[in-house]
Amino acid sequence: MEIFRILVLNPGSTSTKIAVFDNEKSIFLKNIKHSNEELAPFKTIADQYEFRKEVILNELIRADINIERIDGVVGRGGLVKPIESGVYEVNEALKRDLRKGVLGEHASNLGGLIADDIAKSLPHAKAFIADPVVVDELEDVARITGCPSMPRQSIFHALNQKAVGRLFAHTRGFIYEDLNLIVAHMGGGISIGAHKKGRVVDVNNAIDGYGPFSPERAGTLPTGALIRACFSGKFTFEEMKKIVNGKGGLVAHLGTNQAYEVEKRVKAGDKQAELVLSAMCYQIGKAIGGCATVLKGKVNGIILTGGIAHDKFVVNYIKEMVDWIAPVAVYPGEDEMNALMQNGLMALRKQVTCKIYE
Ligand SMILES: Nc1ncnc2c1ncn2[C@@H]1O[C@H](COP(=O)(O)OP(=O)(O)O)[C@@H](O)[C@H]1O
Ligand SMILES: CCCC(=O)OP(=O)(O)O
């Protein structure tokens with residue numbers, strides 16, 4: 001059997017995850033965490049390009065990985081135009097929109113760009129992205145807001161939400177496309193999706209829209225207060241953007257984007273940390289309840305996933321709020337690296353046709 005070597009790159013807001021697989025076999029995995037101090041010198045996500053690329057190449061050198069043998073580099077895709085779920089070979093149109101960040105700034109914009117750069121430096125590697133954060137399967141009714149020029153947008157952890165949805169179904173002998181699930185991904189950003197028979201028909205915009213606050217995002221804010229802050233003359237446009245995304249949520253309240261640090265403080269008896277962490281959990285529980293109404297109460301399972309699903313305080317708080325809706329399954333961390341590898345492998349084996357980004 002032909003062995004394909006695949007490099008997987010997953011730049012998140014608080015981490016860079018790197019993996020190398022020979023077919024399905026993982027031969028290297030590294031999760032490099034970035035504190036907000038470390039990323040603070042970079043004004044924009046695009047400015048982090050060289051830093052993240054160097055982190056990746058250094059780790060590969062340190063692990064003595066023969067990169068010349070790589071056949072495919074799969075990067076987590078970013079805020080390009082809304083697209084269908086699937087695997088896309090990186091092309092010029094995709095790179096242009098990743099650079100621009102047509103729907104905004106997020107570390108995942110760098111995934112496809114660095115993947116392409118590394119692939120181009122190798123003898124025979126191709127670059128791909130799969131299930132980027134802009135996968136859009138919203139029902140029309142879920143798009144409409146009270147302001148026609150500001151529709152709701154589907155920007156979420158599509159890759160991991162779908163991967164754990166499939167895993168949940170598979171391990172119980174079902175097919176993902178036959179189930180109704182609610183998936184809460186809790187990472188640097190938080191997204192809560194209503195999966196109706198394999199399509200994410202409603203989800204919050206986890207980057208700079210609405211939904212629960214997260215380690216570094218403000219989530220839904222009182223609109224009037226937000227407008228007044230924008231026009232107060234106290235903040236620049238760039239500063240307001242940071243208040244919403246980057247310096248919001250746990251960072252704003254507690255000065256850290258690391259939920260495990262907050263958990264430690266809670267354990268040590270810090271009441272303010274406990275209140276703020278509880279509020280984040282409370283908002284997640286409420287959003288799960290909202291998705292249950294979208295699915296008209298027919299929910300086969302609720303899945304808690306992402307780095308913060310390691311946190312017992314968070315998991316117990318949310319379970320207590322929602323376990324009357326459906327059984328709760330916990331998948332701490334994510335299955336993104338595996339999901340990216342699977343997509344890359346299927347593309348290299350020509351088991352799927354790569355979609356073309358236009
Ligand atoms: N063992 C753990 N216990 C509690 N929180 C954790 C743990 N591991 C990671 N986290 C938290 O999860 C968050 C990052 O989740 P992750 O899914 O890796 O995010 P991202 O991909 O957005 O960088 C951070 O706030 C981190 O502190
Ligand atoms: C909107 C999905 C992207 C996101 O928020 O990812 P992180 O949690 O890695 O920041």
Side-chain angles (χ1 to χ4, degrees), residues 9-18 29-36 38-39 45 48 52 75-80 82 101 103-111 129 131-136 153-164 183-193 200 203-219 244-246 248-251 253-267 273 276-277 280-281 284 304-317 330-337 339-340:
L9 307 176
N10 185 350
S13 53
T14 64
S15 63
T16 303
K17 294 169 191 148
I18 310 163
L29 178 66
K30 186 91 190 184
N31 179 357
I32 299 137
K33 294 201 164 62
H34 307 301
S35 66
N36 37 333
E38 190 181 14
L39 297 178
I45 295 291
Q48 295 176 14
R52 298 252 192 179
R76 184 182 178 204
L79 288 159
V80 293
L103 287 187
E105 280 200 81
H106 183 260
S108 58
N109 288 355
L110 301 173
I129 64 160
D131 277 353
V133 296
V134 289
V135 165
D136 186 344
Q153 288 171 315
S154 178
I155 301 183
F156 72 113
H157 305 80
L159 181 67
N160 188 48
Q161 286 217 12
K162 284 187 174 273
V164 295
V183 184
H185 178 109
M186 306 177 291
I190 292 179
S191 61
I192 321 289
V200 185
V203 66
N204 61 298
N205 170 346
I207 299 238
D208 60 2
Y210 34 82
F213 71 80
S214 79
E216 55 148 60
R217 297 185 200 144
V244 169
N245 178 8
L250 297 183
V251 174
H253 285 286
L254 304 168
T256 176
N257 64 4
Q258 296 301 328
Y260 70 74
E261 168 62 34
V262 177
E263 191 192 17
K264 271 202 277 178
R265 292 188 206 171
V266 173
K267 278 191 189 143
V276 172
L277 194 60
M280 192 176 87
C281 301
I284 295 166
L304 305 181
T305 184
I308 304 174
H310 285 288
D311 186 326
K312 298 245 169 347
F313 178 95
V314 170
V315 167
N316 291 339
Y317 195 108
V330 185
Y331 292 105
E334 28 69 21
D335 205 25
E336 289 178 348
M337 306 308 277
L340 288 168

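Counting starts at 1 for both ligands and their atoms, in listed order. Heavy atoms only: backbone and side chains are in, while hydrogens, waters and symmetry mates are out. Quick caveat, the model's predicted, so the values are computed rather than measured.
Near Ala206, meaning under 4.0 Å from one of its heavy atoms, ligand 2 places the atoms 1 (C). When each atom of ligand 1 is checked for a heavy atom of Gly188 under 4.0 Å away, the hits are 19 (O), 20 (P), 22 (O). Each of the following atoms of ligand 1 lies closer than 4.0 Å to a heavy atom of Asp311: 4 (C). Each of the atoms 1 (C) of ligand 2 lies under 4.0 Å from some heavy atom of Ile207. Per-residue contacts place Ile155 under 4.0 angstrom from the following atoms of ligand 2 (heavy atoms of the residue considered): 1 (C). Contact atoms of ligand 1 toward Asn257: 24 (C), 25 (O) (distance under 4.0 Å to a heavy atom of the residue). Within ligand 2, counting atoms from 1 as listed, the ones closer than 4.0 Å to a heavy atom of Gly188 are 8 (O). Within ligand 1, the atoms closer than 4.0 Å to a non-hydrogen atom of Ser15 are 20 (P), 21 (O), 23 (O), numbered from 1 in the order shown. Near Gln258, the atoms of ligand 1 lying under 4.0 angstrom from a non-hydrogen atom of the residue are 24 (C), 25 (O), 26 (C), 27 (O).
In this structure, Asp335 and Asn160 have side chains that are in contact, with non-hydrogen atoms separated by less than 4.5 Å. Put simply, the side chain of Ile308 reaches to within 4.5 Å of the side chain of Met280, judged on heavy atoms. Residues Val276 and Phe213 form a side-chain contact, since some pair of their non-hydrogen atoms from C-beta on lies under 4.5 Å apart. Side-chain atoms of Gln153 and Ile207, non-hydrogen and from C-beta on, never get closer than 4.5 Å to each other.
Of the listed residues (Pro215, Pro332, Gly307), the one carrying the non-hydrogen atom nearest atom 9 (C) of ligand 1 is Gly307. When the heavy atoms of Thr14, Asn10, Asn31 are ranked by distance to atom 20 (P) of ligand 1, first place goes to Thr14.
Under the side chain to side chain contact (heavy atoms under 4.5 Å, CB included) rule, Arg52 has a single partner from Leu9, Leu39, Ile32, which is Leu39. Across Asp208, Ile45, Val134, a single residue satisfies side chain to side chain contact (heavy atoms under 4.5 Å, CB included) together with Leu79, and that is Val134.
The N/O atoms of Gly12, backbone and side chain alike, include none that comes under 3.5 Å of an N/O atom in ligand 1. Taking only nitrogen or oxygen atoms, main chain and side chain alike, Phe156 does not reach within less than 3.5 Å of ligand 2. Annotation: Tyr260 places an N or O atom under 3.5 Å from an N or O atom of ligand 1; distance criterion only.
Among all protein heavy atoms, the one lying closest to atom 13 (C) of ligand 1 is Ile308 CG1, 3.8 Å. Protein heavy atom nearest atom 3 (N) of ligand 1, with residue, atom name and distance: His310 CB, 3.5 Å. Atom 18 (O) of ligand 1 has as its closest protein heavy atom Lys17 NZ, 3.1 Å. Here the heavy atom of the protein found nearest to atom 5 (O) of ligand 2 is Arg217 NH1, 2.5 Å.
At a heavy-atom cutoff of 4.0 Å, ligand 2 is contacted by the side chain of His106 but not by its backbone.
Taking CD of Gln258 as the reference point, atom NZ of Lys264 lies at 10.0 Å (rounded to 0.5 Å).
Ring geometry, His185 versus His157: the interplanar angle falls under 30°, so the pair is classed parallel (tilted spans 30 to 60°).
Smallest separation of non-hydrogen atoms from Val135 and Phe156: O-CE2, 3.3 Å. Here the shortest heavy-atom pairing between Tyr210 and Asn204 reads O-CB, 3.0 Å.
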- Could you please spell out the steps behind the side-chain contact (heavy atoms from CB on, under 4.5 Å) verdict for Arg76 and Leu340? CA-CA 7 Å; Arg76 184 182 178 204; Leu340 288 168; 4.3 Å; yes
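Looking at Gln161 and Ser191, their side chains do bring a donor and an acceptor atom within 3.5 Å of each other.
The closest approach between Arg76 and ligand 2 falls below 4.0 Å for a heavy atom of the residue.
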